[in-house]
Amino acid sequence: MPKEAWGSRLGLILAMAGNAVGLGNFLRFPVQAVQNGGGAFIIPYLICFLLMGIPLLLIEWSSGRFGGKFNNHSTPYIMDGMGKAKIWKYVGVFGIFTNIAVVAYYTYIESWSLVYVLHAVFGTFEGMSQSDVATFFTSYVDIFTTSTGIPFEAVFFYILVLALNIFILSKGLGGIEKVAKIGMPLLILFGVILAVRGLTLGESGKSELFPDANAWDGLNFLWTPQFDSLSNPKVWLAAAGQIFFTLSVGMGTIQCYAAYIKANEDIALNAVSAGFMNEFVEVVLGSSIVIPIAAGYLGLDWVLENAGFGMAFQTMPFLFQQWGEVAAAFSGVLWFGLLFFAGITSSLAMGTPWMGFMKDEFGWGKKRGAWSFGALALIMGLPTVLLYQYGVFDEYDYWAGTVSLVVFALLEAVLFSWVFGINKGWNEINEGSDIKIPQAYKFIIKYITPLLLLMVFLSALITPYQNEWMDSISNVLNGGTWVLDNSSLIKNITNYGLKEQLQSAINQSDIDFLEKK
Ligand code: PHE
Ligand code: NA
């Protein structure tokens, strides 16, 4: 039997771009940008793309193709083949587990998108007030209420979407390629239409409630570079986190896809193309839809106060109504359809490491691999689905979608440059490549990327009270103590059960100092 491989170069690039382009581009990026100062966020973001994003893409693509030469299709085996110590095999387990942990809630959001497409078609939001639309969402995720008459509607559609993923995955790489070839062009088409709407909205949003609302305020806020916050670690952390999430690095997903690339086929140009395609969708399309449209109707101040994940589901369907019934239905289909395609091409990617591992280890076939993956995702996902209202979702996202990515990326960067060896690694990157990666990247991959990753990790470990780095540093210089934020990793790890003791141990005068600022 011939080795399993991608059907065509176009299929490979679209599948990889589909993996990267996801809910993060449309839901996470605009919110991160707004919460971190708009134009102040963009500079660290682009620097992180060049110094961590691109290097990690090259590391992961080349590690994956290297593993594929030895018939390894998941990070435990791929990493085991790169470093002799046994530990790397266990590090590689992260690269399977994180995918299942993330896909569990990712497919839940995917199912919301699908349901909202249906509601847009059936005109559910017609004539609803802003708060009606918002309440519609909160009652949807309260699993005991239903908007279509189906009991446990939210759970029902979640399982349906999981089943769809299982079905496609059981068709193998060919199925994934097909979905990417249909989904990616449609996603870009839908995104461009909505972005044109966002960019041409101008001051048309003169609603009676917000006569000053102007879509351009949103765009100016995002795109006026500000240098003042470059010294703020909080902004850097957020930028690095977004780059990881959006490029799908630090999860083992890319290595798995790359393991099905033939030995002499280009990876350098492919990796860079897929990465830039993701950035185009994120930076151009991702910032031209929600923010300008919301700013155009509700004003920039509203956006700054309400920027959050909910905007996509709780606000957009209301704003679309301002364009009339037909346009509202049409826009709703475009917007939620786009989210659905973005989501499914990513969740399929998250299924492949598990399937590749079970095949390599136990010879499991596609069907068995796909069904067991779905069952695991369901088990891990049900708590976040059933307990959504209690904030389980955010806590879970933090560990599965942020912390483990940084840790894994740091370890794989060390393995690649320092254990496997940068010379061998650089050869792997350039073998069969259609472009010449600048020599400077050899240096960056060896020194800069691991160093930056280490800094990101350490800062996450000791994040100070309310993320106020400058004030906390000056407090320490004034003889105070370093008060950890609730979000700091150290506190998160030690916190459970000890919350009260730790809280009372915090020096109140330090908090007063920080709060006075
Ligand atoms: N990159 C995807 C997004 O932007 C998320 C993702 C992470 C997908 C890791 C696959 C693996 O939404
Ligand atoms: Na992305």
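Just so you know, ligand 1 is whichever comes first in the structure, and atom 1 is the first atom listed for that ligand.
Using a cut-off of 4.0 Å between Lys/Arg side-chain N and Asp/Glu carboxylate O, D434 and R9 are scored as salt-bridged.
Ring orientation note: the planes of H73 and Y260 are close to parallel, at an angle under 30° on the 30°/60° scale.
At a threshold of 3.0 Å, the Na ion (ligand 2) has no backbone or side-chain N, O or S atom of S346 nearer than that distance. At a threshold of 3.0 Å, the Na ion (ligand 2) has a backbone or side-chain N, O or S atom of A20 nearer than that distance. Among the backbone and side-chain atoms of N278, an N/O/S atom is found under 3.0 Å from the Na ion (ligand 2).
The CD1 atom of I78 sits 14.5 Å away from the CH2 atom of W88 when rounded to the nearest 0.5 Å.
The only option from I109, V385, L114 that meets the side chain to side chain contact (heavy atoms under 4.5 Å, CB included) definition with Y158 turns out to be V385. When each of L199, L201, V283 is tested with S288 by the rule side chain to side chain contact (heavy atoms under 4.5 Å, CB included), just one qualifies, namely L199.
By the 6.0 Å contact criterion, CD1 on I87 is open, its count of non-hydrogen atoms from other residues, nucleotides or ligands being 12 or less. A 6.0 Å sphere centred on CZ of F97 holds no more than 12 heavy atoms belonging to other residues, nucleotides or ligands.
A donor-acceptor pair under 3.5 Å is formed between the side chain of N25 and the backbone N or O of N278.
Listed by chain and residue number, the protein contacts of ligand 1 are N19, A20, G22, L23, G24, N25, Y106, F245, T246, S248, M251, T253, S346, M350 (heavy atom within 4.0 angstrom).
Between O of T246 and OD1 of N25, the angle at the Na ion (ligand 2) works out to 170°, rounded to 10 degrees.
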